[in-house]
Amino acid sequence: MTTILVTGATGTLGRQVADRLRTEGADVRGLSRRSPSHAVDLRDGNGLDAAVDGVDAIVHCATSPRGGDDRAAGFLIEAAKRAAVPHLVYISIVGVDRVPLGYYTVKHRVERMIEDSGIGSTIQRTTQFHDLVLSIVSGAAKLPVLPVPAGVSVQPVDSAEVADRLAALALGAPAGRVPDLGGPEVRELTDLAASYLRTTGRRRRVVPVRLAGKAYAGYRNGGHLSPEHAVGTVPFEEFLARRHRRAG
């Protein structure tokens with residue numbers, strides 16, 4: 001039986017990856033700070049050696065927008081090398097090498113660390129998840145008007161489709177950096193915000209707001225998009241309707 005370690009196994013993506021792998025018959029070890037079996041804080045790496053011992057692959061989904069992903073990856077890579085793990089799968093983001101955002105810069109650094117580690121690896125970049133777009137617009141909708149960055153389009157993808165891809169990659173051989181996985185449509189953020197309001201029955205005026213900075217310019221220029229890899233099949237409205245039904 002194939003044994004696979006999934007980091008960030010209690011998160012939105014990691015939980016789904018673990019479920020897909022179990023469905024395929026893999027022996028899955030779920031690692032997170034709150035895991036009942038492998039409670040490891042990747043920020044210090046304590047307990048990693050036991051978690052990676054004897055695994056056939058690692059799917060690295062753990063991440064923190066607050067920083068420290070490169071430090072965590074360093075601990076994971078060194079533990080994987082000590083255990084001679086043959087395959088490390090990493091989920092990254094489209095545009096980490098084009099949009100000058102601090103979080104993206106760190107994700108790109110982790111990509112290079114993995115590529116230089118000598119471990120057989122697979123790197124999958126995806127566009128933003130529907131969940132992220134939802135968190136942005138739902139948070140902004142708490143205000144009297146709904147402000148969104150002007151001139152920014154996104155290409156949201158369903159996290160379940162990303163989980164399916166990562167599970168398949170983990171069960172295969174190391175493939176290096178594989179083609180991007182993008183959502184089915186490139187849509188203006190103002191349009192997606194309006195869809196959210198219609199689905200939830202809220203009444204707000206969507207207000208495009210111009211921002212400053214190089215990161216904003218990178219988003220306006222579409223550095224985070226991959227329209228040539230629009231292979232996702234779930235549009236934002238379908239995702240919203242599904243969430244709305246669950247909430248109801």
Side-chain angles (χ1 to χ4, degrees), residues 6-21 23-24 59-65 69 89-99 101 103-104 106-108 110-111 122-140 148-149 152-172 175-196 199 215 218-246:
V6 179
T7 73
T10 57
T12 297
L13 179 62
R15 183 175 60 252
Q16 295 180 88
V17 172
D19 287 345
R20 301 300 192 278
L21 288 168
T23 299
E24 294 297 323
V59 184
H60 186 29
C61 299
T63 186
S64 173
D69 278 7
V89 179
Y90 181 57
I91 174 69
S92 189
I93 307 170
V94 170
V96 293
D97 53 348
R98 298 193 296 264
V99 178
L101 183 70
Y103 178 58
Y104 280 26
V106 174
K107 296 286 283 188
H108 192 210
V110 173
E111 286 186 0
T122 302
I123 295 173
Q124 174 70 73
R125 291 182 182 179
T126 76
T127 53
Q128 288 71 30
F129 293 176
H130 289 315
D131 308 77
L132 176 62
V133 176
L134 175 60
S135 69
I136 292 171
V137 297
S138 63
V148 296
V152 173
S153 293
V154 291
Q155 189 183 349
V157 65
D158 196 80
S159 60
E161 294 185 296
V162 177
D164 288 341
R165 172 71 67 84
L166 290 179
L169 291 171
L171 292 168
R177 184 180 160 199
V178 296
D180 295 342
L181 174 54
E185 302 172 309
V186 175
R187 304 269 298 276
E188 288 194 10
L189 196 51
T190 51
D191 183 29
L192 297 178
S195 289
Y196 167 78
T199 300
Y219 282 120
R220 283 179 57 89
N221 292 333
H224 60 303
L225 305 176
S226 188
E228 67 277 17
H229 294 291
V231 297
T233 63
V234 179
F236 187 62
E237 283 75 13
E238 181 178 333
F239 164 81
L240 280 179
R242 191 169 64 211
R243 282 295 184 91
H244 196 55
R245 286 194 299 269
R246 290 176 186 168

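Being a predicted model, the structure only gives us computed values, none of them experimental.
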Open item on the list: Looking at Arg125 and Asp180, is there a salt bridge between them, counting it only when a charged N and a carboxylate O are closer than 4.0 Å?
Closed with: no
TODO: Check whether any side-chain N or O of Glu237 sits under 3.5 Å from a backbone N or O of Ser195 as a donor-acceptor pair, and report yes or no.
DONE: no
Open item on the list: Within the structure provided, determine whether Phe129 and Asp158 are in side-chain contact (heavy-atom separation under 4.5 Å).
Closed with: no
Open item on the list: Which residues pass the side chain to side chain contact (heavy atoms under 4.5 Å, CB included) test with Val178, not counting sequence neighbours?
Closed with: Thr122, Gln124, Leu169, Ala175
Open item on the list: To check you understand the geometry: which heavy-atom pair defines the closest contact between Pro184 and Ala230, and what is its length?
Closed with: O-CB, 4.0 Å
TODO: Keeping the roles fixed (side chain from His224, backbone from Ser153), state whether a donor-acceptor pair exists under 3.5 Å.
DONE: yes
Open item on the list: Looking at every non-hydrogen atom in both residues, tell me the closest pair between Ser159 and Asp131 and how far apart they are.
Closed with: OG-OD1, 3.6 Å
Task: Non-hydrogen side-chain atoms of Ser64 and Asp69 separated by less than 4.5 Å - done: yes
TODO: Compare all side-chain heavy atoms of Gln128 with those of Ile93 and state whether any distance is below 4.5 angstrom.
DONE: yes
Open item on the list: Using every non-hydrogen atom in the two residues, find where Val89 and Ala170 come nearest and quote the distance to one decimal.
Closed with: CG2-CA, 3.9 Å
Open item on the list: I'd like to check Tyr103 versus Lys107 (side-chain heavy atoms, cut-off strictly below 4.5 Å). Are they in contact?
Closed with: yes
TODO: Check Val148 against Ala193 and note the closest heavy-atom contact, atom names and distance.
DONE: CG1-CB, 4.0 Å
- [ ] Search all heavy atoms of Leu101 against all heavy atoms of Ala215 and return the closest pair with its distance.
- [x] CD1-CB, 4.0 Å
Open item on the list: When you measure from the side chain of Thr127 to the backbone of Gly183, do you find a donor-acceptor pair of N or O atoms at a distance under 3.5 Å?
Closed with: yes
Open item on the list: Return the CZ to CZ distance between Arg15 and Arg20, rounded to the nearest 0.5 Å.
Closed with: 10.5 Å
Task: Contact summary for Gln16 and Ala163, nearest pair of heavy atoms - done: CB-CB, 3.6 Å
Open item on the list: In terms of relative ring orientation, are His130 and Phe239 parallel, tilted or perpendicular, with 30° and 60° separating the classes?
Closed with: parallel
Open item on the list: I need the Leu225 CG to Gln155 CD distance, nearest 0.5 Å.
Closed with: 6.0 Å
Open item on the list: Is it the case that atom CD in Glu185 sees more than 12 heavy atoms from other parts of the structure closer than 6.0 Å?
Closed with: yes
Open item on the list: Using the rule side-chain contact (heavy atoms from CB on, under 4.5 Å), only one of Ile91, Thr12, Val17 pairs with Val162; which is it?
Closed with: Ile91
- [ ] Can you sort out the partners of Thr10 under side chain to side chain contact (heavy atoms under 4.5 Å, CB included), two or more places apart, ordered by chain and number?
- [x] Ser32, Arg34
Task: Atom pair OG1 (Thr63) and CG (Leu13), whose distance is rounded to the nearest 0.5 Å - done: 10.5 Å
Task: Under 3.5 Å side-chain donor-acceptor pair for Thr233 and Glu161 - done: yes
Task: Val234 and Arg242, any side-chain heavy atoms less than 4.5 Å apart - done: yes
TODO: Determine, step by step, whether Glu111 and Arg177 satisfy the salt bridge (Lys or Arg N to Asp or Glu O under 4.0 Å) criterion, reporting the C-alpha distance in whole Å, the side-chain angles of both residues, the deciding distance to 0.1 Å, and the verdict.
DONE: CA-CA 9 Å; Glu111 286 186 0; Arg177 184 180 160 199; 5.6 Å; no
Task: Qualifying residue for side-chain contact (heavy atoms from CB on, under 4.5 Å) with Tyr196, from Val133, Leu134, Ile136, Asp191 - done: Leu134
Task: Side-chain touch Pro179/Val231, heavy atoms, less than 4.5 angstrom - done: no
Open item on the list: Any non-hydrogen side-chain atom of Pro149 less than 4.5 Å from a side-chain atom of Leu189?
Closed with: yes
